[in-house]
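Values reported hereafter were calculated over all heavy atoms of this structure, with side chains retained and with hydrogens, waters and symmetry mates removed. Every chain is numbered from 1 and lettered A, B, ... according to where its sequence line falls, protein lines coming before strand lines. None of these values were measured; they are calculated from a predicted model.
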Amino acid sequence: MVKKQVRRRKRRKSKQALIGYLFLSPVFLFYSIFLVFPIGFSLYLSFHRWNMLTPPLKARYMGMKHFTYLLIQDETFLIVLKNTLFYALGTVFIGMILALIVALAFSRTKYSSIWRFVYFAPVVTPPVAIGMIWGYLYRPTDGLINTVLRWFYLPGQQWLSSPAQALPSIMITGMWAGVGFTMLIFIAGLKGIPEMYYDAARIDGANFWQAFWHITLPLLKPTILFVLVTGMIGAWQVFDLVFMMSSGGIDTGVVPFESVGVVALHMYQTAFRYMRMGRASAMAFILFLVVLAFTLIELRVLRRGGVESY
Amino acid sequence: MKQKEIVKMIIKYGIFIAGGICMFFPFLWLILASLQSEREIMLRPMVFIPEVFQWQNYVVLFKKYPLDKYYFNSFLVNSSITGVVLLTSSLAGYSLGKLSFPGRELIFKGILATMMFPVFLFLIPVYYLLKRVPFVGGNDIWGLGGVGFLHSYPALILPFIVNAWGIFLMRQFIIGIPNELLDAARIDGCSEFRIYANIILPLTKPALATLGIFIFIQQWNSFLWPLIITTSAPKIMTLPVGLQLLRVAFASARNQHYFLAGLVVGIVPMVILFLVLQRHYIKGIVMTGLKG
């Protein structure tokens, strides 16, 4: 009797496993076609010279040449790597601080849905359109930004037309576009901090800053970690904005590629303009390793501070 | 004490108003400028509010530029992706959340880890793969001779029909459904598929709504892949790629007002959709942040 029950339960369990795999099968199929195969193929390509036209298996073997070329000889690649690092660190950290300030101001405010909408409109706007709008705003002679600066008797800037200012200008736009998203995640994180901690702090006579440093910030650590990790992964891959703003919105003037180029743009051109699939794949792998290293460092540093939940 | 409160209020609303102006002024300027006449837009110093609102800018824009076609393509592609993502995510979410089988946790972690791969690892291989699909786009059995899927909608849809974040979201939601409910159905002889269709799906409607809106907006803005695919296939060009070409189409300074009107047309419908569905979309973002 008991045996029969056990057997039945076992059978049900194995049937459940079968159905479990069955329900996952579209995902397995998808990942084998669009994830496992591409990664393997990319890895293969990064050691070969290939232009997409000849059969890939007949591509010439290059060994580590793409990697050594990119990391030692190719000055452009090192420059775009540096630019991307600058972009990622700048937009993520400054953007995070701005978003946190706004989120703190927002908590416990009336009409917050109107404000939220104002901050949020850029998040649902295609980055392509954002790039073009800001290309217009940044125009040195008659752009809106310089016009406003002149109202306050401030000197107009060259913005996208100056090699030194072009990348920071794009970063400002990037932060403008992303602040609403980050703000919302912070608002959610702030809501998760129990009110009683602040009440207790107030009773003990803590001021705003003390409460912020000793309650808000430590308890917000998982949220900060999340924003940092996902923000960095996204920022390292920035493409749309730079693509739209580097060759100039309309007549914003053109700056040399070296001053604004990012890895994604360089890779896009290498692959789909110059048809150097092998070298582009090697770039993608280097980018992957960089992103991986950054993610691990971020996790390491912030986890040491007691974030166990990620 | 009173004075301190006032200072606090000033700081708070100062942040709001300064931030709000920075955030919204570009949009306001864009909409106003798109309604100016060719002469007004060239005036220096700048004019903000047009003397007469030139609504015909939009009429001319649609006559000169096929934005409606790009809209149609974007809508078709994005709704297909959203529909299939909802299906694959909820199936996988149910499996990972409620069915027990060996390797479940490992599979789940693996799916989450896929979010870390940069998209650039996939561009070239997937492009090549789509080109080599046999029997379509003039290809023979070996996938040679034609363009495969490259010039048709599947090229824009297939690479996005499974979404790791979607699976994560659905799993988190489904795990909260009481097991008793499912066990009761099982005892009554319900098959797992019927449990999925008749219990899980109706109960996860809010999560599905959130996921659907989130994916739709995300895809609506996507640019790099459509750029690669549709540069050589204008028939299936989506809105962001089409918008990008506005600057070529209306490159001369005399056409600026059409260019700006095109940008408004590219932005406003999505913003309105967002306004209507705000709650669901924001829930999606908040749930993103609550991971782990």
Side-chain angles (χ1 to χ4, degrees), chain A residues 16-17 19-21 23-24 26-27 30 34-35 37-39 41-42 45 52 101-102 105 115 117-119 121-122 124-129 132-133 137 142 144 147 181 184-185 188-189 222-223 226 233 237 239-240 244 249-250 264 267 271-272 277 280-281 284 287-288 291-292 295 309-310, chain B residues 12 15-16 19-20 23-24 26-27 29-30 44 46 88 91-92 94-95 99-102 107 114 116-126 128-129 159 161-162 167 192 217 220-221 223-224 228 239-240 243-244 247 251 259 263 266-267 270-271 274-275 282 285-286 288-292:
Chain A
Q16 210 181 65
I19 288 167
Y21 290 128
F23 281 9
L24 276 174
V27 176
F30 177 87
F34 289 108
L35 187 95
F37 166 79
I39 289 175
F41 193 48
S42 268
L45 285 182
M52 184 88 71
I101 291 172
V102 182
W115 290 114
F117 168 67
V118 167
Y119 279 86
V124 289
T125 305
V128 170
M132 285 193 283
I133 297 171
L137 300 179
D142 56 0
L144 181 65
T147 307
F181 195 94
L184 209 63
I185 291 178
T223 315
F226 175 79
I233 293 176
Q237 301 182 59
F239 177 81
D240 305 10
M244 295 313 294
I250 288 195
M267 197 213 132
F272 294 98
M277 301 298 162
S281 298
L287 182 66
F288 170 58
V291 172
L292 188 68
T295 308
S309 60
Y310 196 78
Chain B
K12 198 165 169 177
I15 293 175
F16 279 177
M23 297 310 287
F24 211 67
F27 286 117
W29 167 81
L30 175 70
R44 297 294 170 263
M46 265 172 133
T88 54
L91 273 174
Y94 175 47
S95 173
L99 299 175
S100 62
F101 50 87
I107 293 169
T114 61
M116 238 186 39
F117 292 111
V119 51
F120 298 93
L121 282 176
F122 308 112
L123 299 180
I124 298 167
V126 172
Y128 186 66
L129 206 63
I161 55 172
V162 168
I167 295 172
E192 294 297 332
I217 292 182
W220 189 267
N221 292 345
F223 177 59
L224 177 58
I228 290 169
L239 189 67
L243 280 182
Q244 177 247 151
R247 61 179 180 181
F259 171 75
L263 288 182
I267 293 169
M270 227 15 170
V271 173
F274 163 73
L275 257 182
I282 282 173
I285 293 175
V286 169
T288 314
L290 294 183
K291 142 194 223 177

- prompt: Using a cut-off of under 4.5 Å for heavy-atom pairs, which of A:Leu287, A:Asp142, A:Leu45 has the most such pairs with chain B?
  reply: A:Asp142
message: So which residue, A:Ala280, A:Pro26, A:Ala129, ends up with the most heavy-atom pairs under 4.5 Å with chain B?
response: A:Ala129
message: Nearest 0.5 Å, please: how far is CZ in A:Phe288 from CD1 in A:Ile39?
response: 7.0 Å
- request: Starting at CZ of A:Phe226, measure out to CD1 of A:Ile185 and round the result to the nearest 0.5 Å.
  value: 4.5 Å
query: Is chain A contacted by the side chain of B:Leu243, its backbone, both, or neither, given a heavy-atom distance below 4.5 Å?
result: both
message: Within the 4.5 Å heavy-atom criterion, are A:Tyr21 and B:Pro102 side-chain neighbours or not?
response: yes
- prompt: Does any heavy atom of chain B fall under 4.5 Å from the side chain of A:Thr125, the backbone, both, or neither of them?
  reply: both
- prompt: Quick one: what part of A:Leu144 sits under 4.5 Å from any heavy atom of chain B, side chain, backbone, both or neither?
  reply: both
- prompt: Measuring heavy-atom distances to chain B, does A:Met277 have an atom under 4.5 Å in its side chain, in its backbone, in both, or in neither?
  reply: both
message: At a heavy-atom distance under 4.5 Å, which candidate from B:Thr88, B:Ile15, B:Val162, B:Leu91 has the highest pair count against chain A?
response: B:Val162
task: Pick one of side chain, backbone, both or neither for B:Leu121, based on which atoms fall under 4.5 Å of a heavy atom in chain A.
output: both
task: May I ask you to name which of B:Ile161, B:Val126, B:Ile228, B:Ile217 has the most heavy-atom pairs under 4.5 Å with chain A?
output: B:Ile228
message: Could you check whether any side-chain N or O of A:Gln16 sits under 3.5 Å from a backbone N or O of B:Ser100, counting only pairs where one atom can act as donor and the other as acceptor?
response: yes
- line: So, the part of B:Phe274 with a heavy atom under 4.5 Å from chain A: the answer is side chain
- request: Could you tell me how the ring of B:Phe24 sits relative to the ring of B:Phe27: parallel (under 30°), tilted (30 to 60°) or perpendicular (over 60°)?
  value: tilted
task: Could you check which of B:Pro240, B:Pro118, B:Gly20 has the highest count of heavy-atom pairs closer than 4.5 Å to chain A?
output: B:Pro118
- line: Distance col, row B:Phe259:CZ vs B:Arg247:CZ, nearest 0.5 angstrom, shows 8.0 Å
- line: Looking only at heavy atoms, the pair that brings A:Ala105 and B:Phe16 closest together is O-CZ, 3.5 Å
- request: Measure across A:Pro38 and B:Phe122 and return the closest heavy-atom pair with its distance rounded to 0.1 Å.
  value: CB-CD2, 3.6 Å
query: Contact part of A:Phe272 toward chain B, heavy-atom cut-off under 4.5 Å: side chain, backbone, both or neither?
result: side chain
statement: Turns out that what part of A:Phe34 lies under 4.5 Å from chain B's heavy atoms comes down to both
- prompt: Any idea which of B:Leu224, B:Val119, B:Leu123 has the most non-hydrogen atom pairs under 4.5 angstrom with chain A?
  reply: B:Leu224
task: Check whether any side-chain heavy atom of B:Phe101 sits under 4.5 Å from a side-chain heavy atom of A:Ile19, and report yes or no.
output: no
- request: Mind ranking A:Phe41, A:Tyr119, A:Phe239 by heavy-atom pairs under 4.5 Å with chain B and telling me who comes out on top?
  value: A:Tyr119
Rounded distance (nearest 0.5 Å) linking atom CG of B:Leu99 with atom OH of B:Tyr94: 4.5 Å
query: For the atom pair CD1 (A:Ile233) and CD (A:Gln237), what is the distance rounded to the nearest 0.5 Å?
result: 8.0 Å
Part of B:Ile167 within contact of chain A (heavy atom distance under 4.5 Å): side chain
message: For A:Ile133, which atoms come within 4.5 Å of any heavy atom of chain B: side chain, backbone, both, or neither?
response: both
- request: For residues B:Ile124 and A:Ser281, determine if any side-chain heavy atom of one lies less than 4.5 Å from a side-chain heavy atom of the other.
  value: yes
field: chain A contacts, top residue of B:Phe117, B:Phe223, B:Trp29, B:Trp220 (heavy-atom pairs, under 4.5 Å)
entry: B:Phe223
message: As an exercise: rank A:Leu35, A:Ile101, A:Val291, A:Thr147 by heavy-atom pairs under 4.5 Å with chain B and give me the winner.
response: A:Leu35
